[in-house]
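So the structure is just underneath, and the comments pick up after that.
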Amino acid sequence: MQELVDNIVAAMKVGRHADALNMARTLVQSFPYDEGALSLLALGEQNAGDMLTARNLLLGLTRDHPETWQHWNNLGNVQRLLGDLKSAGDAYQRAFALHQESPRLRANLGLLHLNLGDFAQARDQLCAACVMQGAEPGMRIWAAVACHACADDQTARLLVQGWPEWSGTSDEAMLELGWLLYQLGDISAGESILSTEFQDETIRMRATARRVLALERLNRLDEAGELIARMSDPARIADLQAKMETLHAMALIASRKKDYVAARSFYESALALEVPPRYQQTLYFGLARVCDQMDDAAAAMDALQHAHADAIVEYTAEEKARLAGTGLLSLLDPGYEATAGAAGDAVDAPTEADSPVFVVGFPRSGTTLLEQMLAAHPAFASADEQPMVQRMLERLREQGVDYPSALADLTAEQCAMLREVYWQEAANTVERPAGVRLVDKHPLNFLALPLIRRIFPQAPLIFCVRHPCDSILSSYMQNFRDPRLAAECTSIARLADLYQRLTERWINDSKLYPSKILVCRHEDLVTDPEQQLRRIGEFLGIDDTSAMLNFSEHARARGFIGTPSYAQVVQGLNADAMGRWERYRAWLEPSLPVLAPIIDHWGYTA
């Protein structure tokens with residue numbers, strides 16, 4: 001018996017699932033009531049894709065051996081793969097009550113929360129599993145995936161450091177690692193992993209779909225189309241996860257090719273599979289964008305209501321509360337409102353030429369377009385929305401500095417230290433030759449204007465403005481990773497309230513620190529780019545801004561653009577989205593009284 005058991009385990013380890021299953025069936029024929037034999041058979045059926053048979057076997061094992069936590073854990077795995085997340089959670093909790101020292105069990109709980117879209121809980125459970133005795137390298141991958149979903153890219157990168165040295169990592173974990181590295185900007189490593197000839201056919205199909213998503217993200221649409229042509233017909237794919245990911249890839253490329261009828265069909269077919277919330281949200285946002293392009297406003301808003309589903313909203317709100325006091329949006333709290341002189345006098349400050357150019361504004365207000373225009377000029381290099389200002393705020397908190405009231409008390413040494421923190425973070429993303437100025441585009445950096453003026457008092461700051469209704473609508477349609485921002489974008493009413501508070505803060509702070517500020521209206525930049533770029537060039541001391549008009553070519557050559565507007569900026573200027581909100585007036589109408597003073601302040605009409 002032991003020799004056969006060893007052979008089954010060995011076959012499973014190398015992915016010979018059919019051989020392992022046949023041997024497990026032979027084993028159970030000889031030992032039909034043996035707990036270990038039945039457990040191996042259940043695992044064999046699971047690996048071979050017969051989840052229903054695996055579940056029935058495990059239900060019997062948990063009934064006959066309720067004190068064996070491994071059976072409950074395995075039952076939870078199968079229920080999770082079947083999409084029955086509630087039953088999976090019940091099984092994991094039974095296992096956890098029996099045994100709390102297993103890193104694999106804690107990791108499985110984390111994976112359950114990941115599927116539910118509860119990314120904060122997933123991160124906590126998976127990170128805890130990583131530091132437990134007996135933790136496997138693959139757990140670090142899943143923990144990094146959860147951290148990335150929470151917009152914590154710094155921790156995600158730390159978790160997967162040294163991954164080439166790991167062994168014994170499952171194909172599925174490597175699949176997730178490849179996709180994660182793509183999203184973190186390590187394109188070559190991500191491509192290398194996803195191009196691997198995985199032993200599991202299902203994983204190979206999913207890897208191809210992820211490569212399509214990655215190539216679309218890099219604006220390499222011809223290559224993505226070639227992969228699509230080689231993909232299996234979704235109707236012939238038995239595995240639901242592989243089918244869903246294939247349909248998603250096809251929908252995305254059809255949308256980029258403006259075949260919106262096909263894209264909508266693919267998205268709707270994928271959603272009909274009843275995939276976990278983790279994937280549903282992305283699919284619903286994609287469907288909403290396609291319906292918007294088809295001028296079907298009602299269908300777009302219906303898809304967005306599903307995207308902002310109650311469960312997702314609840315998890316996002318919990319994470320927002322957990323992170324109270326951190327992040328840029330926390331600076332909207334009245335306790336962080338600056339008063340005259342809060343920043344203090346400049347101490348050994350760098351010149352304008354040695355300071356960043358800050359591009360800020362409300363979310364979805366055209367900051368990415370302006371960033372790419374500036375980056376197309378040889379005098380500038382952009383950092384692609386990185387948390388340099390956030391890192392300075394974190395260092396202040398670590399040192400117990402009361403922000404913003406104690407900014408004036410910072411010494412020259414402390415200011416120099418904060419500049420070093422800023423430039424070190426920037427160096428992680430962008431290389432700047434001597435004399436090239438950094439463009440720091442992060443819309444909500446304006447909430448830290450007192451800090452910016454204390455550390456970089458000579459830095460030029462361009463504030464981007466767009467019609468408030470267009471900005472709000474676009475934000476509602478966006479799947480933001482930052483949980484604090486995502487929580488504010490779950491309804492038009494909440495966004496209107498956020499927009500009002502952001503405007504009030506900007507008006508207050510820009511009066512306190514009015515120097516070196518230029519307001520740029522998105523609509524003016526789109527309709528009269530030459531004039532507006534000359535105006536911006538004059539503000540920045542650039543005589544010839546003609547290179548900035550070639551921003552779309554520069555963006556295509558750049559490849560990875562880490563903001564939601566990555567697809568738009570490679571297409572050139574397009575006025576189609578101007579006034580789009582009018583098609584959604586019925587949904588925005590209740591918020592217009594709140595927005596009316598802001599609309600008037602910026603010179604727009606409603």
Side-chain angles (χ1 to χ4, degrees), residues 153 185 217-219 328 352 355-390 422-423 425-433 436-449 452 456 459-466 471 474-475 478 480-482 485 516-526 529-530 532-537 539-542 545-574 577:
D153 291 354
R217 192 69 176 75
L218 294 168
N219 292 304
L328 291 168
E352 178 178 339
S355 300
V357 176
F358 290 95
V359 176
V360 300
F362 304 107
R364 310 297 293 160
S365 61
T367 54
T368 299
L369 172 62
L370 180 56
E371 174 200 27
Q372 293 303 315
M373 286 178 159
L374 294 175
H377 195 284
F380 301 103
S382 67
D384 201 22
E385 202 160 311
Q386 297 301 312
M388 284 85 75
V389 171
Q390 174 71 20
Y422 180 95
W423 290 118
E425 182 67 28
N428 292 333
T429 304
V430 61
E431 294 183 10
R432 290 185 305 123
V436 174
R437 299 164 69 181
L438 178 72
V439 177
D440 182 350
K441 191 276 292 189
H442 197 302
L444 294 178
N445 271 347
F446 75 85
L447 290 171
L449 185 58
I452 290 173
F456 297 108
L461 185 146
I462 304 176
F463 188 87
C464 295
V465 179
R466 182 184 181 188
S471 181
S474 185
S475 296
Q478 183 57 48
F480 289 109
R481 280 198 302 130
D482 185 333
L485 181 56
K516 298 191 180 299
I517 290 175
L518 180 73
V519 174
C520 175
R521 282 171 58 111
H522 176 66
E523 293 83 358
D524 295 341
L525 186 60
V526 171
E530 293 187 15
Q532 292 304 311
L533 288 174
R534 281 196 298 270
R535 175 171 167 263
I536 291 167
F539 176 67
L540 297 176
I542 301 296
T545 59
S546 58
M548 298 181 188
L549 293 169
N550 299 320
F551 70 93
S552 59
E553 296 175 15
H554 178 270
R556 280 193 293 270
R558 180 173 180 170
F560 184 80
I561 299 172
T563 62
S565 301
Y566 68 93
Q568 288 91 343
V569 294
V570 300
Q571 297 175 0
L573 294 172
N574 189 334

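This is a predicted model, so every value here is computed, not measured.
With E371 contributing its side chain and D384 its backbone, the two residues share a donor-acceptor pair below 3.5 Å. The backbone N or O of G366 lies less than 3.5 Å from no partner atom in the side chain of R466, so there is not a single donor-acceptor pair.
When the side chain to side chain donor-acceptor pair (under 3.5 Å) test is applied to Q386, no partner is found at least two apart in sequence or on another chain.
Put simply, the residue from F358, F362, F539 that forms a ring pair (Phe, Tyr, Trp, His ring centres under 6.0 Å) with F463 is F362.
In terms of heavy-atom proximity, A383 sits nearest to M388 at CB-CE, 3.6 Å. The shortest heavy-atom contact between A448 and V389 is CB-CG1, 3.7 Å. Taking each heavy atom of A459 and K516 in turn, the nearest pair found is O-CB, 3.8 Å. Contact detail for V360 and P443: the closest heavy-atom pair is CB-O, 3.4 Å. When all heavy atoms of R534 and T545 are compared, the pair lying nearest together is N-OG1, 3.9 Å. The shortest non-hydrogen separation linking V436 to A381 is CG1-N, 3.6 Å.
Expressed to the nearest 0.5 Å, how far OG of S355 lies from CG of D440 amounts to 11.5 Å. Interatomic distance, T367 OG1 to N445 CG, rounded to the nearest 0.5 Å: 10.5 Å. For the atom pair CG (L447) and CD (Q390), the distance works out to 11.0 Å, reported to the nearest 0.5 Å. If you take NE2 on H377 and CZ on R437, they are separated by 10.5 Å, rounding to the nearest 0.5 Å. For the atom pair I517 CD1 and L449 CG, the distance stands at 5.5 Å (nearest 0.5 Å). Put simply, CD1 on I462 and CG on L374 are 5.5 Å apart, with the number rounded to the nearest 0.5 Å.
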Please report the C-alpha distance between H442 and L328 in whole Å, then the side-chain angles of each, then the deciding distance to 0.1 Å, and finally whether the side chain to side chain contact (heavy atoms under 4.5 Å, CB included) criterion is met.
CA-CA 10 Å; H442 197 302; L328 291 168; 3.6 Å; yes

Please test L533 against L525 for side chain to side chain contact (heavy atoms under 4.5 Å, CB included), starting from the C-alpha separation and ending with a verdict.
CA-CA 8 Å; L533 288 174; L525 186 60; 4.2 Å; yes

Do D153 and R481 pass the side chain to side chain contact (heavy atoms under 4.5 Å, CB included) test, and can you show the C-alpha distance, the side-chain angles, and the key distance before you say yes or no?
CA-CA 11 Å; D153 291 354; R481 280 198 302 130; 3.0 Å; yes

Taking it one step at a time, do V526 and H522 satisfy side chain to side chain contact (heavy atoms under 4.5 Å, CB included)?
CA-CA 6 Å; V526 171; H522 176 66; 3.6 Å; yes

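The side-chain heavy atoms of P529 and L549, taken from C-beta on, include a pair separated by under 4.5 Å. Under the 4.5 Å side-chain criterion, counting only non-hydrogen atoms from C-beta, S382 is not in contact with V430. Side chains of P356 and W423 form a contact here, defined as non-hydrogen atoms less than 4.5 Å apart.
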